[in-house]
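First up is the structure itself, then whatever we jot down about it.
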Amino acid sequence: MEAKELIARRVAREIAPGSLVNLGIGLPSMVANYLPAELGVFFQAENGVVGLGARPPEGMEDPNLTDAGGGFVSAVPGAASIDSAMSFGLIRGGHLDLTVLGGLQVDAAGHLANWMVPGRMVPGMGGAMDLVSGAKKVIVAMLHTQKGRPKIVPECTLPLTSTRRIDLVVTEMAVIEPTEAGLVLRETAPGIGVDDVRAATAAALIVDGAVPQMELGQPAPV
Amino acid sequence: MEAKELIARRVAREIAPGSLVNLGIGLPSMVANYLPAELGVFFQAENGVVGLGARPPEGMEDPNLTDAGGGFVSAVPGAASIDSAMSFGLIRGGHLDLTVLGGLQVDAAGHLANWMVPGRMVPGMGGAMDLVSGAKKVIVAMLHTQKGRPKIVPECTLPLTSTRRIDLVVTEMAVIEPTEAGLVLRETAPGIGVDDVRAATAAALIVDGAVPQMELGQPAPV
Amino acid sequence: MKRAIPLHEAVELIPDGAICHVGGFMGVGSPHRLLSALAQAGRHDLTIVANDTAMPGRGIGKLISAGCVRRVIVSHIGLNPETQQKMIAGEIDVELVPQGTLVERIRAAGVGLGGVLTATGVGTRVADGKPTVEVDGRTFLLERPIHADFALLGAHRCDYVGNLDYTLTAHNFNPIMALAATTVIAEPEEIVPVGVIPPDAVKTPGALVDHVIGRMD
Amino acid sequence: MKRAIPLHEAVELIPDGAICHVGGFMGVGSPHRLLSALAQAGRHDLTIVANDTAMPGRGIGKLISAGCVRRVIVSHIGLNPETQQKMIAGEIDVELVPQGTLVERIRAAGVGLGGVLTATGVGTRVADGKPTVEVDGRTFLLERPIHADFALLGAHRCDYVGNLDYTLTAHNFNPIMALAATTVIAEPEEIVPVGVIPPDAVKTPGALVDHVIGRMD
């Protein structure tokens, strides 16, 4: 299985039925592909829709209905159009159950850096700082390393997105939970050993007993 | 002419064509009766309508369309329903051209007291503090005295509604403009002399030359 | 999807002592069936956050008359002499808040702001005991957010996703209160199938609504 | 009542150096005809407050390409490499603001608040040089209101009172920006007679709108 698909499938299992979820653009947005519709999950996009649906068939796009990346989407039955004040009211007011975001670095304190590389890439934070500060649960979905260099580090060297400790990191190698005590290795991907994860991770990992293998099937509808 | 009608007629002449106006309940609400429709004035009520119209004919009332006093009203063509956040956004954000409010006391500094009499009457300020602090122009429409006691006083003894200097006081005896220098007597009512106003006013009045008589006809549409 | 619940189940959700945001303006836009049922059920020690306490026999006025309320945070009690009598008798604590400040304090709680910086009330009794903050040479009161255990909303239409709309002057505090409570209970005038309220007409997304009160029996 | 004005008259209202709120999110919901005309007219030294600078050849991107812009206050420039190049070349000042903070700062200006107390950005670069305020033991950034000379809005429908509605994800910053500028100019997709937009569907009351751009010739 391709790395990004594996990550998206694993993240999908974290999503509770009926919850309100925001998926970042890129890899995080793939998570929607692995969620059964029966779960009744509503996707929110920060540009102003609750109840984001799949890209419509060609010729049925609407220029006034896009996701936060500008791509055409549809609206599911029961969708709501909202303005930016309501959209970020949902995000910052603690009404969003989960956000899934990409990451440049996550550190031992569970801090995320994902909005700029000084001197090289300054896209801006968009809604990322609000999402990480405001969502009930934050999952970072990212490749474990970049060009062989670990992205999970003792302390972020890139500017932080928030000082809030994120809740879970899902990579193609492992599921890691930042806790008060440090980063706990919760699961490893099929074919990956604890030592493989350690070798690809610059921060210390806490391993408590046997580490189970990632489950990747679709979550059971309730 | 009855005192309240005289006051309402005079206040009506202060209203600019096309402006957005909030009228307090009671005497101030009578002002709408003396405004020609051609002026294109929109009335806002703080409970959530821009474009308040007259009370509808009997049997055509709607329980979900009232003014801030709870009385049935209608909506003029082009009216908008708004929630309390937008309603007070308009008021506090400086979007309201004029508010006309009743008063218990106005003092030499142009301060208004109109929301409580300690130990005797505590209705609450409702939207009055927001209106006085936020509207572009504040006119106080009130009887000149209460049971023979002046309501225009050197310094308010009742709790203030705002520390903002109001723009104009209209009574059945006079039009008075609070200024940096003090209260300036601008007009007297028909049959009322400057000395009559002075006798009924506890605060000092500035009289600069001859004081004209109030005009009471309808303002000319533009 | 949200199954509508019968009125008595909604009443059972709300315990004595609960802090409740209640929509409505002089009773217009209030959840009338729910308020009547709460009064009949004899709830007590409630804290009510609302624009006003309506009048005796109507909306929140029924809770006041029935002795359900220990405290109110409101902008106005002038049309309910019972609230004033109970205030003077020491049975109800009354916190009076300027209406615009009240809605912003509720909104602040709902959208995750630390407080409200407002010019309204500066230099008046409303400022007593409150911190002020200077911004660019102007002084503002720092008013604190008001969160509630429950938001009891009157809506116009509701679908089975929980999406709400409101009509005319029955909007008032309802859309803002929907953001600012642990549990949100909506009493719509009408329940409609999903899709009947188009996306552009939804004023409270269903994700905010926990319970919908079903049609009358 | 507001007579609709031709596009060129709207352009003439906006001088060089103006501070403009511009609605839109990656170009969706922007006033496209007005932005194209401003770019063609060669305006310069504009300050643009918006969610983003769209992409080259679209919406605000046209102003960037044409060299009309001296400063932007935005949450994101990642999809417009020209903005990034001009930032690096020192031709455009870029102030990056978290998106939720940006909309609240504009709203604060629009509804008369002294500032925004937000947890977003605390402990990050965004906090550099900004005052903080403690409320109940939590720390919040004090972010200042953003008022503009002009709000340039993309709307769905408009009537001759100036009432606006918006559709789907073309709402975004438009309804909030309508509150926060000295002069508000709306470019609707459609102009309809008064009464066609019912009161409950109006999202920006006409009293806020100064000028409406007429239909295409």
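By convention in this document, chain letters (A, B, ...) are assigned in the order of the sequence lines, proteins followed by strands, and residues within each chain are numbered from 1.
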Is [X] in contact with chain C via its backbone, its side chain, both, or neither, using a 4.5 Å heavy-atom distance?
{"X": "B/Ser87", "result": "neither"}
{"X": "B/Ile82", "result": "backbone"}
{"X": "B/Leu65", "result": "both"}
{"X": "B/Ala68", "result": "both"}
{"X": "B/Met116", "result": "side chain"}

Item to check | B/Glu46 side, atom CD; C/Thr169 side, atom OG1 - distance, nearest 0.5 Å | outcome: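 Nearest 0.5 Å value for the CD-OG1 distance: 11.5 Å.
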Checklist entry - Stepwise, does the side-chain contact (heavy atoms from CB on, under 4.5 Å) test hold for B/Asn47 with C/Val28? => result CA-CA 9 Å; B/Asn47 59 324; C/Val28 176; over 6 Å; no
Item to check | chain C interface, residue from B/Val122, B/Asp67, B/Leu160 that has the most non-hydrogen pairs under 4.5 Å | outcome: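 It is B/Val122.
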Next on the checklist: Can you confirm whether more than 12 heavy atoms, excluding those of C/Lys2, are under 6.0 Å from its NZ atom?
Outcome noted: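 Count over threshold, so yes.
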Checklist entry - Going by distance alone, is a donor N or O of one side chain under 3.5 Å from an acceptor N or O of the other, for B/Asn64 and C/Thr167? => result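 No donor-acceptor contact under 3.5 Å links the two side chains.
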Considering all heavy atoms, the nearest [X]-[Y] contact:
{"X": "B/Ser133", "Y": "C/Ala119", "result": "OG-O, 4.3 Å"}
{"X": "B/Arg92", "Y": "C/Thr120", "result": "NH1-OG1, 3.5 Å"}
{"X": "C/Pro98", "Y": "B/Met129", "result": "CG-SD, 3.7 Å"}

Next on the checklist: Please enumerate all residues that pass ring-ring contact (aromatic ring centres under 6.0 Å, His included) together with C/His21, with sequence neighbours excluded.
Outcome noted: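 Here no residue qualifies.
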Next on the checklist: Between C/Leu79 and chain B, with a heavy-atom cut-off of 4.5 Å, which part of the residue counts as in contact: side chain, backbone, both or neither?
Outcome noted: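 Looking at C/Leu79, just its side chain touches chain B.
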Next on the checklist: For the backbone of C/His171 and the side chain of B/Asp83, can you confirm whether one donor and one acceptor N or O come within less than 3.5 Å of each other?
Outcome noted: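 Answer holds: no.
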